[in-house]
Participant: 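Following this message is one structure expressed as structure tokens.
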Number of protein chains: 2
Amino acid sequence: MNDRADKKAARATADQVAREANVSRVAVSRAFNPNASLKPEKRDRILQVARELNYTPDMAARSLVTGRSHLVGMIVPDVCSPWESQEIDALTTALQAEGFATLLFKVKADFSMDPRLLTYMRGFNPDSVIAFTENILPDVLCGFLDRAVPIYVIYDDVAQFAGAASGTLYDRLLVRQKNGIEQAVALLQGYGARRIAYLGGKAQSLANAERERTLKETLAERGMDAPIVLAGDYTYDTAYRATLDLFRIGEGADAIFAANDVGAFGAIDALRHELGLSVPEDVKVVGFDDIPQAHWKSYNLTTVRIDLDERVRALVRLILMRLRAPDAAPLTETLNTRLIVRGTVG
Amino acid sequence: MNDRADKKAARATADQVAREANVSRVAVSRAFNPNASLKPEKRDRILQVARELNYTPDMAARSLVTGRSHLVGMIVPDVCSPWESQEIDALTTALQAEGFATLLFKVKADFSMDPRLLTYMRGFNPDSVIAFTENILPDVLCGFLDRAVPIYVIYDDVAQFAGAASGTLYDRLLVRQKNGIEQAVALLQGYGARRIAYLGGKAQSLANAERERTLKETLAERGMDAPIVLAGDYTYDTAYRATLDLFRIGEGADAIFAANDVGAFGAIDALRHELGLSVPEDVKVVGFDDIPQAHWKSYNLTTVRIDLDERVRALVRLILMRLRAPDAAPLTETLNTRLIVRGTVG
DNA sequence: TCACAAAATGAAAACGTGTTCATTCACAAA
DNA sequence: TTTGTGAATGAACACGTTTTCATTTTGTGA
């Protein structure tokens, strides 16, 4: 009844707090801005009154004048993917501690991006944008965003996005996959694998392309045959079917190197539950990512880990540095990968 | 170089568009507001100029005067959980289509909520808030939020939150678990299960409490023994250990009814890979949720499905109706559950 | 042509905050 | 007491938009 209407009217404003505490509205603003000069006792009194009135500074109004929204935009194709959901979770926690809120935008599963979405996102004026979707080229993103500097995750080949026009500014997280892939190949070779199949991820994914390239390079360096390449899309079902085809229509393989852990699960299940083969005795399997499910007993997957904590720390570092120095030269953080040995190889 | 500085200055405003198109700033505002009265040709010209200048209305400024932020806050304890990540994904997609962006807030894993987080969230003035965390009581949330009306997901027992103070307004999504649980129990009984164990979820979770209560009720109605209750927390590892304890220290069971699918996976793996028992021959297993992994061949889990699409549609419906009629009486949407039969029972 | 309703238009006010800048205050040193 | 220095203070402005309201233009029927 009146209860609610009152409550609605009770959306406290800085003016009301000021009146109640017998100070100017500016003082209230200063009370919420730690490094503003204000008599301690006065600040305490103001904060006390603010608490009583249930007052919080309005972010929209604040954003309007400071030019900082305290929002970090994340462009993701698939929140359900264990890998991405892990990253969103950790990133949100870390950014929250720094005073930023996560703004989520979903793009279509094929990574295609509705240009209206970018327009829409820009309206919110995010302080920073992380693009989990690799085919939104820096050119496009930088052109759309005005204030925020996007962060790109790239793999091995530093020359990626070389086609970007000069003058665009974006920061990079460079993931060195070479290490992990080398360790994996060495292990496979040690256990006598000769015919290795690469079970790909999404065709449009640059991460996948680079993963495949680095695998080929590594095999060549060790004098091994080029891999059989299977098309995939990072999903369980596609990996499952691709594996069946490989052994029923194709000529099979000694080992399967999957572009991601979920794909590796699909391959393992196809081998064990439909082809009657055993892992690792008949076929060895290696994954990529090291998601939590990788240690589940049914899979117990040997996989190349991209350390989540390290990755999130690096991203947060990039965001904070860029906000501190908006015009600094492009930054690059580097990350290594390493093999986690479990039960699907030896 | 100058390129960037220019681009930064080029953050187009409605005034600039107006000047460039020889119209008033008000006309620009109207051009972006579909139901405002404006000569079509004029609107076209304005939108054309806006596109050239890369202009988008600033959401913060708009929010300040309209009182709508176009933000929907989501309070989640764990983005990584397959169930929640699915829901966030689908909800974000649906809301995005309606012009809302998702604002993510993470609470600690034990569901405890930092009061500062609520304060912080309120600063963003979300148009709506969905609480995935059940122990933030409506009283607290309504007291903190001024404009937004929270949505609560409740289970079976409509009397939940009855302790909430009168005058608080919140909408509800009521999930009827009884159906699905009855079907599951019927199936288990049909296959001769007598000693049933309930593998619980988080102790603080009301969903878990209600699931346990309804299971007990259903067993009693069918004249079966009360279940053995195992403590859990919705995670794989805890479920794994609890299952080991049940069979090594405890007296075992015919069937395990898990509070969620991930817990069921842990139970299955413990049974098969460590206890040397087979599922479903020695022990039957039923899960809850029907996450995508449930159909993976390694588990092929029989489980109680809470239909995701239906659930998301209901939530979106609640949000939109509440925004249209902020003072309407509390709304309740109802959802049924049903058993999905796969390979872990018969 | 006139009258009248309806649509189109723009000036000004409003939303709630941070920041500038000139002023006042407090206190220690001369 | 005087001077000087730095902290504390508040009035006014700025941020970019929507909304109100009074005015002008357009369209329609007599």
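By convention in this document, chain letters (A, B, ...) are assigned in the order of the sequence lines, proteins followed by strands, and residues within each chain are numbered from 1.
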Participant: The side chain of P57(A) is closest to which nucleotide in this list: dT9(D), dA13(C), dT17(C)?
Facilitator: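 Side chain of P57(A) sits closest to dT17(C).
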Participant: Charged N to carboxylate O under 4.0 angstrom, E333(A) versus R317(A)?
Facilitator: yes
Participant: Ignoring backbone atoms, establish whether K39(B) has a side-chain N or O less than 4.0 Å from OP1 or OP2 of dT25(D).
Facilitator: no
Participant: Please report the distance, rounded to the nearest Å, between CG in N22(A) and C1' in dG10(D).
Facilitator: 14 Å
Participant: With no hydrogens and no angle check, do the side chains of R45(A) and N22(A) hold a donor and an acceptor under 3.5 Å apart?
Facilitator: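 Their side chains do not contain a donor-acceptor pair, so the 3.5 Å distance test is not met.
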Participant: Which nucleotide in the list dG16(C), dG10(D), dT9(C) gets nearest to the side chain of T13(A)?
Facilitator: dG16(C)
Participant: I want to verify a distance call: between dA11(D), dT17(C), dT17(D), whose nearest atom is closest to the D58(A) side chain?
Facilitator: dT17(C)
Participant: Starting from C1' on dG10(C), measure out to CZ on R19(B) and report it in whole angstrom.
Facilitator: 16 Å
Participant: Rounded off to whole Å, could you give me the CG-to-C1' distance for the N35(B) and dA7(C) pair?
Facilitator: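 My rounded result for the distance is 15 Å.
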Participant: Taking five pairs at each end of the helix from dT1(C)-dA30(D) to dA30(C)-dT1(D), what angle separates the two helix axes (nearest 10°)?
Facilitator: 30°
Participant: For L64(B) and N33(B), find the nucleotide of DNA chain D closest to each by heavy atoms; which residue's nucleotide sits nearer the 5' end?
Facilitator: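 Residue closer to the 5' terminus by nearest nucleotide: L64(B).
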Participant: Which residue, R25(A) or S29(B), contacts DNA chain D at a nucleotide closer to its 5' end, judged by nearest heavy atom?
Facilitator: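 Whichever sits nearer the 5' end wins; that is R25(A).
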Participant: With a 4.5 Å heavy-atom cut-off, do I151(A) and I319(A) have their side chains touching?
Facilitator: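 Yes, close enough: below the 4.5 Å cut-off.
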Participant: Quick check: any donor-acceptor pair below 3.5 Å linking the side-chain of R68(A) to the base of dG18(C)?
Facilitator: no
Participant: Could you tell me how far apart F124(B) (CZ) and dG16(C) (P) are, to the nearest whole angstrom?
Facilitator: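 Answer to the nearest Å: 18 Å.
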Participant: CG/L331(A) to CE/M321(A) distance, rounded to the nearest 0.5 angstrom?
Facilitator: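 If we round to the nearest 0.5 Å, L331(A):CG and M321(A):CE are 5.5 Å apart.
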Participant: Under 6.0 Å between ring centres, would you say that holds for Y152(B) and F132(B)?
Facilitator: no
Participant: Would you tell me if any nitrogen or oxygen in the side chain of K42(B) comes within less than 4.0 Å of OP1 or OP2 on dG10(C)?
Facilitator: yes
Participant: For the residue pair Q48(A) and R51(A), confirm or rule out a side-chain donor-acceptor distance under 3.5 Å.
Facilitator: yes
Participant: Where the side chain of A61(B) is defined as all heavy atoms beyond and including C-beta, which of dT17(D), dG10(D), dC15(D) is the nearest nucleotide?
Facilitator: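 Between dT17(D), dG10(D), dC15(D), the one nearest the side chain of A61(B) would be dT17(D).
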Participant: In whole angstrom, give the distance that lies between atom CG of D44(B) and atom P of dA8(C).
Facilitator: 13 Å
Participant: Students often get this wrong, so: under 4.0 angstrom with heavy atoms, is Y55(A) touching a base, only sugar-phosphate, or nothing?
Facilitator: sugar-phosphate
Participant: Is it the case that T92(A) and T102(A) place a side-chain donor and acceptor less than 3.5 Å from each other?
Facilitator: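 Yes, because at least one side-chain N or O of T92(A) sits under 3.5 Å from a partner of the opposite role on T102(A).
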Participant: Output the rounded distance in Å from CG (L38(A)) to C1' (dC25(C)).
Facilitator: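 From L38(A) CG to dC25(C) C1': 14 Å.
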Participant: So which nucleotide from dA12(C), dG10(D), dT9(C) ends up closest to the side chain of S37(B)?
Facilitator: dT9(C)
